[in-house]
Amino acid sequence: MKKLLPLVFLLVLASCNDDKNQPAPYPDPAVLAKQQAPFGAPPVDVKLKKLLYNGKLFAEYMYEGDLLREQKKYLMFDVPGHYQTGSFKRTGGILESYDVEAAQWIAESQYVSDVFKPSYSIRFDAPVSDTLRTVTEENLIFLENFYRTYILDKQGYIKRQEFTERTNTTEDFTITYTRNEQHNVIASSVVYAAQPALASRVEYEYDSHPNPFFKLGIDRNGQLAMHSLSPNNIVKETVMDANGPVYTIEYKYEYAANGYPSKVKMESKAQGFTAYTMDFSY
């Protein structure tokens with residue numbers, strides 16, 4: 001038996017060395033965790049609880065630990081009407097889905113049904129690399145499917161988005177995001193597959209305060225869109241066409257003691273734009 005012990009030790013040592021020589025899993029979970037929300041798992045350090053639009057309840061946010069679990073949206077009736085709930089599902093910290101249920105409502109009578117039915121669903125596919133994420137979006141009311149591919153840079157920030165509609169590829173488009181050293185999106189350009197010559201561009205300016213939507217992974221409307229893509233707050237948008245600037249939107253903030261916005265007022269001279277305010281409750 002004693003003669004066998006050195007052999008057993010050598011086999012165990014060889015096994016340990018083989019484990020060390022094996023490449024890290026691809027994609028690397030540690031890299032994926034650092035990606036921009038909602039793909040990664042950055043904790044929400046300051047939790048946004050409510051959002052008011054012109055003084056009326058617009059959205060509420062619920063959390064599981066330090067990650068957003070649910071968003072409720074309200075119609076700005078005399079008595080705010082809860083009409084939509086979006087819920088995140090995660091397994092082992094990895095996001096799997098975002099499902100939205102909605103109720104029927106009638107604006108004229110300010111009626112909101114108490115029956116909620118599935119209306120919208122996003123499925124987050126398993127990552128195939130640490131810079132490529134794909135999702136499938138399904139509109140359960142109009143029975144439409146969409147596919148989005150997000151290309152991320154090495155720091156985990158989205159740098160391009162490709163959109164495809166399953167039944168109508170003429171609506172396909174690509175959005176390219178240009179970021180500065182603070183990882184804020186300073187320009188976004190959209191190119192449509194059907195009319196590539198009609199590309200549009202928006203340029204953005206920022207302050208140095210933290211953006212409450214960034215780590216939530218969704219913007220104020222419950223989507224992964226511009227107001228959730230940058231660590232800081234947009235103070236000015238300039239919408240461009242082939243001839244130059246068309247109009248601007250300005251954001252004027254008041255800040256809470258935690259450094260996050262407590263109030264913002266949006267103004268623009270664009271035709272049809274109505275100024276409005278939003279209040280943030282933490």
Side-chain angles (χ1 to χ4, degrees), residues 33-54 56-74 76 84-88 90 95 98-100 120 122 124 133 135 137 148 150 152 155-159 161 175 177-180 182-188 202-237 249-266 276-282:
K34 296 178 181 178
Q35 289 182 341
Q36 178 170 350
F39 298 112
V44 177
D45 46 359
V46 175
K47 296 175 181 177
L48 179 64
K49 295 180 179 178
K50 294 182 181 181
L51 191 64
L52 278 65
Y53 184 99
N54 284 342
K56 294 186 177 181
L57 182 62
F58 180 74
E60 288 185 303
Y61 304 89
M62 281 64 70
Y63 299 84
E64 184 173 357
D66 292 326
L67 296 175
L68 180 64
R69 173 178 55 85
E70 185 175 281
Q71 182 207 40
K72 291 183 178 180
K73 291 186 65 178
Y74 292 81
M76 291 167 288
Q84 188 183 97
T85 298
S87 302
F88 288 99
R90 297 179 177 88
L95 183 61
Y98 179 66
D99 296 297
V100 177
Y120 191 78
I122 300 179
F124 293 81
R133 303 301 298 268
V135 303
E137 303 182 22
R148 292 183 191 265
Y150 294 92
L152 297 87
Q155 287 74 43
Y157 294 88
I158 297 169
K159 65 178 184 180
Q161 175 190 161
I175 307 177
Y177 304 103
T178 302
R179 294 181 181 266
N180 61 13
Q182 290 74 40
H183 304 292
N184 292 314
V185 175
I186 57 173
S188 62
V202 183
E203 296 182 351
Y204 306 90
E205 298 176 22
Y206 294 83
D207 61 20
S208 59
H209 287 266
N211 173 10
F213 300 108
F214 177 63
K215 292 183 179 179
L216 295 186
I218 57 175
D219 68 0
R220 60 200 189 195
N221 292 313
Q223 302 171 350
L224 178 57
M226 273 308 306
H227 286 274
S228 66
L229 295 184
S230 298
N232 300 121
N233 301 295
I234 298 171
V235 295
K236 186 176 182 180
E237 294 183 40
I249 301 173
E250 294 188 0
Y251 299 74
K252 299 178 181 179
Y253 296 90
E254 298 175 13
Y255 286 97
N258 60 17
Y260 283 79
S262 60
K263 190 183 190 73
V264 60
K265 183 176 183 179
M266 276 69 83
Y276 62 94
T277 62
M278 302 191 92
D279 292 272
F280 302 79
S281 174
Y282 302 94

Rounding to 0.5 Å, atoms CG (L51) and NZ (K56) come to a distance of 15.0 Å
Output for pair (Q84 CD, N221 CG), nearest 0.5 Å, gives 9.5 Å
Original post:
Is any side-chain heavy atom of Y120 closer than 4.5 Å to a side-chain heavy atom of D99?
Top reply: no
One should read off an interatomic distance between N54 CG and K265 NZ, to the nearest 0.5 angstrom, of 10.0 Å
All heavy atoms of A225 vs all of D219, minimum pair found to be CB-OD2, 3.3 Å
For R179 and L229 the tightest heavy-atom approach is NH1-O, 3.0 Å
Any donor-acceptor N/O pair, Y157 side chain to N184 backbone, under 3.5 Å = no
Here the gap from T277 atom OG1 to Y53 atom OH, rounded to the nearest 0.5 Å, amounts to 8.5 Å
Subject >> Evaluation steps, side chain to side chain contact (heavy atoms under 4.5 Å, CB included), between R133 and Q35 >> reply: CA-CA 10 Å; R133 303 301 298 268; Q35 289 182 341; 2.8 Å; yes
Note to self: Please check if the number of heavy atoms outside K47 that lie under 6.0 Å from its NZ is greater than 12.
What the structure shows: yes
Would you indicate whether the side-chain heavy atoms of I158 and F39 approach each other to under 4.5 Å? yes
Check whether any side-chain N or O of S262 sits under 3.5 Å from a backbone N or O of E254 as a donor-acceptor pair, and report yes or no. yes
When rounded to the nearest 0.5 Å, the distance separating NZ of K215 from OG of S228 is 14.0 Å
Residues P38 and L224: closest non-hydrogen pair is CD-CD1, 3.7 Å
Heavy-atom nearest pair, P210 first then P261, reads O-CD, 3.6 Å
All heavy atoms of P212 vs all of N233, minimum pair found to be CD-OD1, 3.6 Å
Next item on the list: Just do the side chain to side chain contact (heavy atoms under 4.5 Å, CB included) check on V44 and F214 with the steps written out, would you?
Entry: CA-CA 9 Å; V44 177; F214 177 63; over 6 Å; no
task: May I ask you to test the M76-L52 pair for a side-chain heavy-atom distance under 4.5 Å?
output: no
Q. Side chains of F213 and L48: closer than 4.5 Å at any heavy-atom pair?
A. yes
task: Assess R148 against Y150: is NZ or CZ under 6.0 Å from the centre of the six-membered ring, and within 45 degrees of the ring's axis?
output: no
Q. Between V235 and Y206, is a side chain to side chain contact (heavy atoms under 4.5 Å, CB included) present by the stated rule, with each step listed?
A. CA-CA 5 Å; V235 295; Y206 294 83; 5.5 Å; no
request  = Flag the pair S230 / Y204 as yes when at least one side-chain heavy-atom distance between them is below 4.5 Å, and no otherwise.
outcome  = no
In terms of heavy-atom contacts, L68 and Y61 come closest through CD1-CB, 3.9 Å
* Please report the C-alpha distance between M226 and Y177 in whole Å, then the side-chain angles of each, then the deciding distance to 0.1 Å, and finally whether the side chain to side chain contact (heavy atoms under 4.5 Å, CB included) criterion is met. => CA-CA 10 Å; M226 273 308 306; Y177 304 103; 3.9 Å; yes
d(K263 NZ, Y253 OH) to nearest 0.5 Å is 13.5 Å
Would you say R69 and Y63 make side-chain contact, with heavy atoms under 4.5 Å?
no
| Would you say H227 and Y251 make side-chain contact, with heavy atoms under 4.5 Å? | yes
Test side-chain contact (heavy atoms from CB on, under 4.5 Å), reference Y98, set Q223, Q71, E137, output is Q71
- Item | Heavy-atom side-chain contact between Y282 and Y260 under 4.5 Å | yes
